[in-house]
K.L.:
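Got a structure for you, questions after.
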2 protein chains.
Amino acid sequence: MLSNSSKYAIKGVLYLALNSNRDHKVMVRDIYTVVHVPEAYLAKLLQELSRHGIISSTRGPKGGFYLSEEDRKHTLLEIVQVIDGENRLNSCVMGIRNCDMDNPCVLHKLVGGNKSKFIRVLESTKILDLVDGKQGIEEFFPL
Amino acid sequence: MLSNSSKYAIKGVLYLALNSNRDHKVMVRDIYTVVHVPEAYLAKLLQELSRHGIISSTRGPKGGFYLSEEDRKHTLLEIVQVIDGENRLNSCVMGIRNCDMDNPCVLHKLVGGNKSKFIRVLESTKILDLVDGKQGIEEFFPL
DNA sequence: CATAAAAAGGATAAAAATATCTTTTAATCT
DNA sequence: AGATTAAAAGATATTTTTATCCTTTTTATG
Ligand code: FES
Ligand code: FES
């Protein structure tokens, strides 16, 4: 449903939401030790998000990744769609041909409901909602 | 969440539920053309299910795969667990360490609910429930 | 008993996902 | 300007998942 890559990306963004802003950028090096995602791999994912304007980055000294106020308004779904592509979530749970959200199959009745809800959560949850009221990354979990 | 293999397996079993019984066994050859799963691959999956006692099979002429009355009482979850292993479904949605159903993380509140429900559906849906009232495989979908 | 049908099993191949390494580009700071 | 820093980009490697092929074993039937 969600690829590992998407999960990694969300973790990374979560870290950024809690530990960065325009005046305080962070390097991948700082992130990966906390969220336990392979450094180079996380870098790739964040670059991808940056390229799609979901997060921000600048190069060079004092550079790094960060979230602008605007960035924080992006939803989890946007992150997932950049990383996994549009199709992965939308396609039929059972991998049935000609069967999608608009044209649900019989099995859809069984399992599709949960999935639609799941997507709706991703769609309606902004990054800033995630960290609302949280002080630091520790409040989340051992990532 | 569900691997392709699991989906394939479910499709195959669904076919068996609708088209087989102790006195009418079917060959992989008959199944794969309908459910659109590669023949040899489907064979492997059904063999695996057979080995685990989820479905039945006999070799030789007039042999094939089939579902006994007992077989039909198995749940979708059992199929998935044979194919994907116990861990895939149970592990944390976000892939977070030390985080599972018993020890849910903060993100769990967000997305975990849907997943638990999904698992519960798989757990409570027996094969016979799936085909209850259905006449033939056509009623399901273009698999 | 011979034969053919069918699953079972083992080995291999291809593709996709995950991960790492290397080079290039841009920003900052002497 | 030159040195340094850090992301961006590109190339390569590894692992896992998916898929195929080929041989062996089992079993019903003529
Ligand atoms: S559209 Fe097929 S299961 Fe939902
Ligand atoms: S246990 Fe971590 S998200 Fe559910």
K.L.:
Just to be sure I understand the rule, does A:Val26 reach a base, reach only the sugar-phosphate, or reach nothing, if contact means heavy atoms closer than 4.0 Å?
P.N.:
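A:Val26: backbone/sugar contact only, no base atoms under 4.0 Å.
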
K.L.:
For the residue pair B:Val28 and B:Glu39, what are the closest heavy atoms and their distance?
P.N.:
CG1-O, 3.6 Å

K.L.:
Enumerate the residues from residues 47-59 of chain B whose closest heavy atom to DNA chain C is under 4.0 Å, giving them by residue number; use none for an empty result.
P.N.:
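Those residues are B:Gln47, B:Ser50, B:Arg51, B:Ser57, B:Thr58, B:Arg59.
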
K.L.:
C:dA19 P sits how many Å from A:Lys7 NZ, rounded?
P.N.:
12 Å

K.L.:
Please determine which of B:Glu78, B:Glu70, B:Arg72 meets the side-chain contact (heavy atoms from CB on, under 4.5 Å) test together with B:His74.
P.N.:
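So, applying the side-chain contact (heavy atoms from CB on, under 4.5 Å) to B:His74 and each of B:Glu78, B:Glu70, B:Arg72, only B:Glu78 qualifies.
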
K.L.:
For each nucleotide in nucleotides 12-18 of chain D, reading 5' to 3', give B when a protein heavy atom comes within less than 4.0 Å of its base, S when such contact involves only the sugar-phosphate, and - otherwise.
P.N.:
------B

K.L.:
In B/S/- notation, 5' to 3', how is nucleotides 10-16 of chain C contacted by protein heavy atoms closer than 4.0 Å?
P.N.:
BB-----

K.L.:
Any side-chain heavy-atom pair from B:Ile31 and B:Leu16 closer than 4.5 angstrom?
P.N.:
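Yes. Closest side-chain heavy atoms under 4.5 Å.
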
K.L.:
Using whole Å, report how far OH of A:Tyr66 lies from C1' of D:dA6.
P.N.:
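Computing the A:Tyr66:OH to D:dA6:C1' distance gives 14 Å.
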
K.L.:
From the list D:dT29, D:dA8, D:dT4, which nucleotide is the closest neighbour of the side chain of B:Lys62?
P.N.:
D:dT29

K.L.:
CG of B:Leu42 versus C1' of D:dT20: gap in Å, rounded?
P.N.:
13 Å

K.L.:
Among pairs that include at least one residue of residues 17-28 of chain A, which meet salt bridge (Lys or Arg N to Asp or Glu O under 4.0 Å), considering only residues two or more places apart or in two chains?
P.N.:
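Of all non-adjacent pairs touching residues 17-28 of chain A, none passes salt bridge (Lys or Arg N to Asp or Glu O under 4.0 Å).
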
K.L.:
Drop me the distance from B:Ser5's OG to B:Glu48's CD, to the nearest 0.5 angstrom.
P.N.:
10.0 Å

K.L.:
Which one of B:Val80, B:Leu45, B:Ile79 satisfies the side-chain contact (heavy atoms from CB on, under 4.5 Å) criterion with B:Ser6?
P.N.:
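The side-chain contact (heavy atoms from CB on, under 4.5 Å) with B:Ser6 is passed solely by B:Val80 among B:Val80, B:Leu45, B:Ile79.
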
K.L.:
Is B:Glu123 salt-bridged to B:Arg120, going by a charged N under 4.0 Å from an acidic O?
P.N.:
no

K.L.:
In what stems does DNA chain C take part, counting only runs of at least 3 consecutive Watson-Crick or G-U pairs whose two distances fall under 3.5 Å?
P.N.:
C:1-30 with D:1-30

K.L.:
If you look at every strand shown and take non-hydrogen atoms under 4.0 Å, does B:Gly63 touch a base, only sugar-phosphate, or nothing?
P.N.:
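The answer is sugar-phosphate, as B:Gly63 gets under 4.0 Å only of primed atoms, P, OP1 or OP2.
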
K.L.:
Of A:Val37 and B:Val28, whose nearest nucleotide on DNA chain C comes first from the 5' end?
P.N.:
B:Val28

K.L.:
Are side-chain heavy atoms of A:Leu130 and A:Leu76 found at a separation under 4.5 Å?
P.N.:
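SC-SC contact between A:Leu130 and A:Leu76 confirmed.
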
K.L.:
Distance-only, no hydrogens or angles: does the A:His24 side chain make a donor-acceptor pair with backbone N or O of A:Asn21 under 3.5 Å?
P.N.:
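Flag not set: sc A:His24 to bb A:Asn21 has no pair under 3.5 Å.
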
K.L.:
Closest to the A:Pro61 side chain: D:dA7, C:dA4, D:dT4?
P.N.:
D:dT4

K.L.:
Of B:Arg29 and A:Pro38, whose closest DNA chain C nucleotide lies nearer the 5' terminus?
P.N.:
B:Arg29

K.L.:
If the condition is salt bridge (Lys or Arg N to Asp or Glu O under 4.0 Å), which residues does A:Arg59 pass it with, not counting sequence neighbours?
P.N.:
none

K.L.:
Between the side chain of A:Asn19 and the main-chain N/O of A:Tyr15, is any donor-acceptor distance below 3.5 Å?
P.N.:
yes

K.L.:
Could you check whether any side-chain heavy atom of B:Ile127 comes within less than 4.5 Å of a side-chain heavy atom of B:Asp71, counting everything from C-beta outward?
P.N.:
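Not in contact.
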
K.L.:
Write down the distance between CG (B:Leu45) and C1' (C:dA8), rounded to a whole number of angstrom.
P.N.:
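About 14 Å, once rounded to whole Å.
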
K.L.:
Write down the distance between NE2 (A:His36) and C1' (C:dA19), rounded to a whole number of angstrom.
P.N.:
17 Å

K.L.:
How about B:Thr58 and B:Tyr66: does a side-chain donor come under 3.5 Å of a side-chain acceptor?
P.N.:
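Short answer, no.
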
K.L.:
Find the distance A:Phe65:CZ to D:dA8:C1' and express it as a whole number of Å.
P.N.:
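One finds 8 Å between C1' of D:dA8 and CZ of A:Phe65, rounded.
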
K.L.:
Taking the side chain as every heavy atom from C-beta outward, state whether B:Leu49 and B:Leu46 have any pair of such atoms under 4.5 Å apart.
P.N.:
yes

